[in-house]
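Below is one structure; the comments refer to it alone.
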Amino acid sequence: MVVAIGAHVDQTDPVAEATARGASLVQFFLGDPQSYKGPVVTYADGAAALKARAEEQGVDLYVHAPYIINVATTNNRIRIPSRKLLQQHMDTAAEVGAKGLIVHGGHVNKDDDPAKGFDNWRKAIEATDIKVPLLIENTAGGDNAMARYLDRIAGVWEAISTAEGAENVGFCLDTCHAHAGGNPLETVVEDVRKITGRIDLVHCNDSRDEFDSGADRHANFGAGRIDPDLLAGVVRDAGAPVICETPGGAAEHASDFAWLRDRL
């Protein structure tokens, strides 16, 4: 089975990072993932040059939005800046020619009705000029998360299905997050597809922690707690491009790619 496999890399020269790994796709941040300051293109020649070089080299670029974005929350001081930051990263992701912008599902506060979070996702989709596919990623922890449990993912999807621009929203399935979040990898691809109708990208990661631990700690393949056959099974069943967010640099990632390919 031929699957495109790449890795999360440093943003300074993503195409060079792809070449170093023998990869046809890479994912990177645009600036500090813990900052509201807005996206920064650190590629020396700028966004347009990065887009042109990636196209020339046949490398697909994916951008991961900052972790702090939470468009679901009822807290205006977080939700409103999050929407602004999401649009800024969407705009810059389009400038670099990204194939998708990945964003975490966010969460509501302890005493909030989850339905408020679902509706805030709908409002965020309607408020965003979606220029490249927006891929919502499942998350590992938090009882009030919007994308940890399948029923919450279903709530988000039902809400955004009525929003203008919903056809440009896809799903990124993270194996570590699914495992740590308590979603069996044996069925997670089928379970997610029943809800979303699609899986656009797989974040394939082993987990340092046990099933349903709620802990988001990635491990290299074979060094964590996930059955190797289950990891490979998710990749096979999803049939989508794969990004490894595993520890290390080019050598470790190349080893992880080989490990995974041997099992496909």
Side-chain angles (χ1 to χ4, degrees), residues 33 36 63-90 93 100-185 187-203 212 214-216 238 240:
Y36 282 107
V63 171
H64 199 304
Y67 297 132
I68 57 169
I69 287 178
N70 182 5
V71 300
T73 181
T74 57
N75 184 335
N76 290 344
R77 288 176 295 176
I78 296 174
R79 187 180 70 259
I80 293 170
S82 289
R83 278 197 205 165
K84 178 183 177 183
L85 192 60
L86 181 63
Q87 184 66 66
Q88 290 173 331
H89 279 260
M90 174 63 71
L101 175 67
I102 298 97
V103 63
H104 286 180
H107 58 274
V108 293
N109 295 325
K110 182 181 177 183
D111 297 323
D112 286 337
D113 181 349
K116 292 181 179 178
F118 304 154
D119 196 51
N120 281 339
W121 255 113
R122 178 189 62 79
K123 292 175 181 176
I125 297 303
E126 293 188 335
T128 304
D129 180 7
I130 303 178
K131 300 175 178 178
V132 304
L134 180 65
L135 309 182
I136 299 174
E137 179 182 354
N138 61 307
T139 51
D143 292 337
N144 290 294
M146 292 287 98
R148 174 179 179 175
Y149 297 112
L150 294 167
D151 62 332
R152 295 289 178 85
I153 295 171
V156 170
W157 234 258
E158 184 178 357
I160 67 175
S161 67
T162 63
E164 186 176 345
E167 68 277 5
N168 298 316
V169 180
F171 196 82
C172 174
L173 174 62
D174 187 302
T175 57
C176 172
H177 297 175
H179 165 87
N183 299 293
L185 295 188
T187 60
V188 72
V189 171
E190 181 183 358
D191 293 339
V192 167
R193 276 223 185 93
K194 282 180 181 176
I195 295 166
T196 67
R198 57 196 287 180
I199 294 173
D200 300 79
L201 186 70
V202 173
H203 280 172
D212 205 17
D216 181 8

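The residues of the chain are indexed from 1 along the displayed sequence.
The distance from the OG1 atom of Thr128 to the CG atom of Leu86 is 4.5 Å, given to the nearest 0.5 Å. To the nearest 0.5 angstrom, Ile125 atom CD1 is 11.5 Å from Asn120 atom CG. Within the model, atoms OG1 of Thr175 and CG of Asn183 stand 12.0 Å from one another, a figure rounded to the nearest 0.5 Å.
Sorted by first and then second residue, the salt bridge (charged side-chain N to carboxylate O under 4.0 Å, His left out) pairs with a member in residues 191-201 read Glu190-Lys194, Arg198-Asp200; sequence neighbours excluded. Applying the salt bridge (charged side-chain N to carboxylate O under 4.0 Å, His left out) rule to pairs touching residues 121-136 yields Asp91-Lys131, Asp119-Arg122, Asp119-Lys123, Arg122-Glu126, sequence neighbours excluded. The list of ring-ring contact (aromatic ring centres under 6.0 Å, His included) pairs with a residue in residues 113-137, not counting sequence neighbours, is empty. Residues in residues 163-185 take part in no salt bridge (charged side-chain N to carboxylate O under 4.0 Å, His left out) pair, two or more places apart or across chains.
Minimum interatomic distance between Val108 and Ala72 (heavy atoms only, all atoms of both residues): CG1-O, 3.7 Å. Pairing each heavy atom of Ala178 with each of Leu173, the nearest pair is CB-CD1, 4.5 Å. Across all their heavy atoms, Pro66 and His89 have their closest contact at CG-NE2, 3.3 Å. Between Gly105 and Thr139 the shortest heavy-atom distance is N-CG2, 4.1 Å.
In this structure, the side chain to side chain donor-acceptor pair (under 3.5 Å) partners of His203, at least two apart in sequence or on a different chain, are Gln27, Glu137, Glu245. Among residues two or more places apart in sequence or in another chain, the ring pair (Phe, Tyr, Trp, His ring centres under 6.0 Å) test is passed with Tyr67 by Phe29, His64, His104. Here Asp216 pairs with His177, His218 under the side chain to side chain donor-acceptor pair (under 3.5 Å) rule; sequence neighbours left out.
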List the atom pairs, donor and acceptor, that lie under 3.5 Å between side-chain atoms in residues 146-160 and the rest of the protein, sequence neighbours left out.
from: Arg148; atom 1: NE; to: Ala140; atom 2: O; distance (Å): 3.2
from: Arg148; atom 1: NE; to: Gly181; atom 2: O; distance (Å): 3.1
from: Arg148; atom 1: NH2; to: Asp212; atom 2: OD1; distance (Å): 3.0
from: Arg152; atom 1: NH1; to: Asp143; atom 2: O; distance (Å): 3.3
from: Arg152; atom 1: NH1; to: Ala145; atom 2: O; distance (Å): 3.2

Taking distance alone, no hydrogens or angles, what donor-acceptor pairs closer than 3.5 Å link side-chain atoms of residues 77-85 to residues at least two apart or in another chain?
from: Arg79; atom 1: NH1; to: Thr73; atom 2: O; distance (Å): 3.0
from: Arg79; atom 1: NH1; to: Thr74; atom 2: O; distance (Å): 3.4
from: Arg79; atom 1: NH1; to: Asn76; atom 2: OD1; distance (Å): 3.1
from: Arg79; atom 1: NH2; to: Asn76; atom 2: OD1; distance (Å): 2.5
from: Ser82; atom 1: OG; to: Asn70; atom 2: N; distance (Å): 2.9
from: Ser82; atom 1: OG; to: Ile78; atom 2: O; distance (Å): 2.7

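Of the candidates Val169, Leu135, Leu134, Val103 forms a side-chain contact (heavy atoms from CB on, under 4.5 Å) with just one, namely Leu134.
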